[in-house]
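Contents: one structure, followed by commentary.
Side chains are part of it too, since the values below use all heavy atoms of this structure and drop only hydrogens, waters and symmetry mates.
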Amino acid sequence: MVDAAERVRALHGALNLLESGQHEPAELVCRQLVACDCADIEAMLLLALAIGMRGDPEAAAPLLNQLARARSDHAHPCRDLAQMLLGQGKAALIAPQYQACLDLAPHDPRLRYAYAEFMRSNGDAAAAVALLDPVLRTDRSNPEAQYQMGLSLAEAGQFADAAEHFRQAIAYDPGPAAFWANLGMMLKVESRFDESLDAYAEALARRPNDRQIRVNRAVVRLHAGRFAEAWQDAAWILEPEQTVLAPERKLPTLSVLPDLTGRTVLVVQEEGLGDTLQFLRYLPLLAQRGARVAVAVPRELTRLMRTVPGIAEIPDGDAPVPLHDFHCSFNGLPRAFETTLETIPCDVPYLAADPVLAADWARRLPLTPALRVGLVWAGQARPWLPGFTGLDRRRSASLATLAPLAAVSGVQFVSLQKGPPAGETQPFEMIDMMHQVRDFADTAAIVANLDLVISVDTSVVHLAGAMGKPVFLLDRYDNCWRWLSGRSDSPWYPSLHIFRQKRSGEWQPVIACVVAALADLAASHVIARSMPAAQRRQPD
């Protein structure tokens with residue numbers, strides 16, 4: 001027998017061994033505990049985790065399923081094992097472990113929910129749907145199964161079908177706020193904004209202080225162009241949930257504080273690079289109100305920011321933030337200015353490439369009489385952000401998808417693509433010098449030498465738009481709120497034209513429209529170049 005104190009010490013020791021990657025010693029300790037007491041659930045759990053962590057899914061599966069039966073009010077312990085495997089860089093062991101458990105317990109819905117969640121998070125929504133289908137065939141009145149199927153179909157881009165499953169979940173159990181919130185999200189994707197807001201009202205009636213639900217409701221209002229209503233959630237929308245900066249120094253709305261003379265306002269990046277490029281248009285306006293503006297941005301933006309008027313200080317790299325009176329994220333600036341569709345600051349261009357750098361890149365690019373067009377076909381996955389991998393997959397295309405553009409004559413294509421997608425096989429001739437690009441100052445210098453940018457929804461769209469460069473945006477079906485709904489132009493960027501999917505995942509019709517528009521531009525470019533200089537000159 002092991003006394004209680006010794007057992008607790010042994011359990012803690014085994015857990016520490018597991019967390020440090022020492023699976024075999026942890027297994028030995030747990031086997032000794034289980035030998036003393038075969039009903040010791042905690043020792044059995046650690047034993048199952050240890051066996052699974054050392055990569056023996058068939059041996060771990062019976063124990064994990066036994067524990068699941070013993071703890072019917074808990075999630076299946078295979079989920080705990082999956083989290084530990086992921087944390088120790090052993091993600092390849094997760095699917096085999098789930099499958100080994102499922103082979104022994106095919107009718108355990110909790111196991112199927114956990115397995116489906118893992119497959120969704122790894123970009124295989126079809127597999128998640130297949131895992132959940134047997135549960136619904138057995139019991140269509142199971143609200144959790146309906147909800148899980150809705151999540152999987154949403155990840156697969158089947159938004160209308162997902163909405164129907166969320167409705168079914170609500171019909172069987174209207175209590176959970178998450179059911180209503182996810183229904184609201186699907187209705188937003190379909191531009192059914194009033195119905196979406198009704199669903200979010202139900203969600204908030206159940207969880208009034210849920211930050212994510214409030215943020216998502218505000219995004220619906222933004223997407224519908226109802227900016228003034230969105231700022232009603234000003235304490236939540238487009239601001240970080242946690243920050244090291246003092247909350248009492250958060251920049252209030254400027255109708256409350258119109259004069260900033262002698263005050264330092266620190267503006268920090270909290271979201272993506274594109275958000276920063278979009279909202280830095282507000283920095284000169286802060287300076288006009290008397291503020292001394294300091295900004296904290298990633299290194300890839302530092303050189304470019306030096307071209308923006310109104311910025312007094314840009315700390316380098318990891319330097320501490322400067323002393324300040326107020327702070328605000330870039331995403332919070334529209335709230336601070338209480339922006340509406342009619343008052344979006346649209347003094348474009350508000351960004352410019354360094355002229356010396358632009359001239360340097362002009363010398364590197366081959367001379368051509370053709371229309372010079374920059375291309376970006378994929379975004380950045382950001383696997384550290386929950387749910388972003390699927391979103392990036394929907395917003396991104398492949399370079400092969402853009403191949404029909406090559407049929408347009410009189411065009412020279414220039415890659416602006418960074419990251420792993422830049423290594424895709426090129427199906428048509430394209431200049432690619434992105435390996436020489438150090439940061440966004442270089443990218444801006446290349447863009448300054450282009451006639452047009454064609455891009456999926458990435459930071460390059462914002463860069464080119466802010467520079468006043470013509471942009472063709474290839475937009476996914478479930479598009480970002482900033483591109484609004486049902487329009488092909490943008491109040492944020494006058495030079496931007498939106499080509500939007502009519503059905504989720506279908507890029508071919510979008511590319512066909514872009515080909516036609518590009519052909520018109522290329523033809524106009526040829527005509528303009530063939531005209532005498534005097535005729536090309538605009539009248540005074």
Once you round to the nearest 0.5 Å, how far does [atom1] of [X] lie from [atom2] of [Y]?
X: D442; Y: E300; atom1: CG; atom2: CD; answer: 12.5 Å
X: T253; Y: F337; atom1: OG1; atom2: CZ; answer: 11.0 Å
X: D325; Y: L251; atom1: CG; atom2: CG; answer: 10.5 Å
X: R292; Y: T264; atom1: CZ; atom2: OG1; answer: 5.0 Å
X: D520; Y: H525; atom1: CG; atom2: NE2; answer: 14.5 Å
X: M149; Y: L132; atom1: CE; atom2: CG; answer: 5.0 Å

Within the structure provided, determine whether [X] and [Y] are in side-chain contact (heavy-atom separation under 4.5 Å).
X: L286; Y: L333; value: yes
X: L151; Y: R120; value: yes
X: L341; Y: L484; value: yes
X: D457; Y: N479; value: no
X: W377; Y: T401; value: no
X: Q269; Y: N331; value: no
X: L197; Y: R226; value: yes
X: R438; Y: R303; value: yes

Would you check if the side chain of [X] reaches a backbone N or O of [Y] as a donor-acceptor pair within less than 3.5 Å?
X: N122; Y: D124; answer: no
X: Y350; Y: Q278; answer: yes
X: W361; Y: A444; answer: no
X: D392; Y: R394; answer: no
X: T343; Y: T339; answer: no
X: K469; Y: L450; answer: yes
X: T458; Y: G379; answer: no

Which pair of heavy atoms, one from [X] and one from [Y], lies closest together, and at what distance?
X: R500; Y: R476; result: CG-O, 3.9 Å
X: F413; Y: L405; result: CZ-O, 3.6 Å
X: V129; Y: S152; result: CG2-CB, 3.8 Å
X: L496; Y: S490; result: CD2-CB, 3.9 Å
X: T425; Y: P427; result: O-CD, 3.2 Å
X: A230; Y: A218; result: CB-O, 3.7 Å

Out of L416, L277, L375, which residue meets the side chain to side chain contact (heavy atoms under 4.5 Å, CB included) rule with V460?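 Testing each of L416, L277, L375 against V460, the sole residue satisfying side chain to side chain contact (heavy atoms under 4.5 Å, CB included) is L416.
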Determine the sole option in V297, V295, D439 for which the side chain to side chain contact (heavy atoms under 4.5 Å, CB included) test with T302 is passed.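 The single option meeting the side chain to side chain contact (heavy atoms under 4.5 Å, CB included) with T302 is V297.
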Going by atom types alone, do Q212 and R217 pair a side-chain donor with an acceptor below 3.5 Å?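 No, no side-chain donor-acceptor pair sits under 3.5 Å.
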Taking atom types as modelled, find out whether Q417 and S415 have a side-chain donor-acceptor pair closer than 3.5 angstrom.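 Note: Q417 and S415 side chains miss the donor-acceptor criterion.
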E190 vs Y477, side-chain hydrogen bond (donor to acceptor under 3.5 Å, both in side chains): CA-CA, chis, key distance, verdict: CA-CA 9 Å; E190 300 295 332; Y477 181 76; 2.7 Å; yes
Verdict with reasoning, Q501 to R395, per side-chain hydrogen bond (donor to acceptor under 3.5 Å, both in side chains): CA-CA 10 Å; Q501 289 179 344; R395 72 168 172 167; over 6 Å; no
Heavy atoms of other groups near Q436 CD, more than 12 under 6.0 Å: yes
Looking at D347, I want to see if its CG is surrounded by more than 12 non-hydrogen atoms of other residues, nucleotides or ligands under 6.0 Å.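 Result for CG/D347: open.
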Please walk me through it: do D275 and R482 pass salt bridge (Lys or Arg N to Asp or Glu O under 4.0 Å)? CA-CA 10 Å; D275 302 83; R482 71 198 75 224; 2.9 Å; yes
Salt-bridge contact [X]-[Y] (side-chain N to carboxylate O under 4.0 Å):
X: D360; Y: R364; value: yes
X: K188; Y: E195; value: no
X: E164; Y: R167; value: yes

Go through it in stages, so that I can follow the logic: the residues are D451 and R372, the test is salt bridge (Lys or Arg N to Asp or Glu O under 4.0 Å), and I'd like the CA-CA distance, side-chain angles, deciding distance and then a yes or no. CA-CA 5 Å; D451 300 298; R372 193 178 272 161; over 6 Å; no
Check whether NZ of the Lys or CZ of the Arg R306 lies under 6.0 Å from the centre of the six-membered ring of F440 and within 45 degrees of that ring's axis.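 No, a cation-pi geometry is absent between R306 and F440.
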Can you check salt bridge (Lys or Arg N to Asp or Glu O under 4.0 Å) on R221 and E229, steps first, answer last? CA-CA 7 Å; R221 290 169 164 167; E229 294 176 36; 3.8 Å; yes
For H497 and F499, take the angle between the two ring planes, folded into 0 to 90°, and tell me which bin it lands in: parallel under 30, tilted 30 to 60, perpendicular over 60.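 Geometry flag for F499 against H497: tilted rings.
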Using the rule ring pair (Phe, Tyr, Trp, His ring centres under 6.0 Å), only one of W483, W481, F193 pairs with H223; which is it?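 Only one option passes, and that is F193.
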Centroid separation W492 to F279 less than 6.0 Å: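 Yes: the rings meet the under 6.0 Å criterion.
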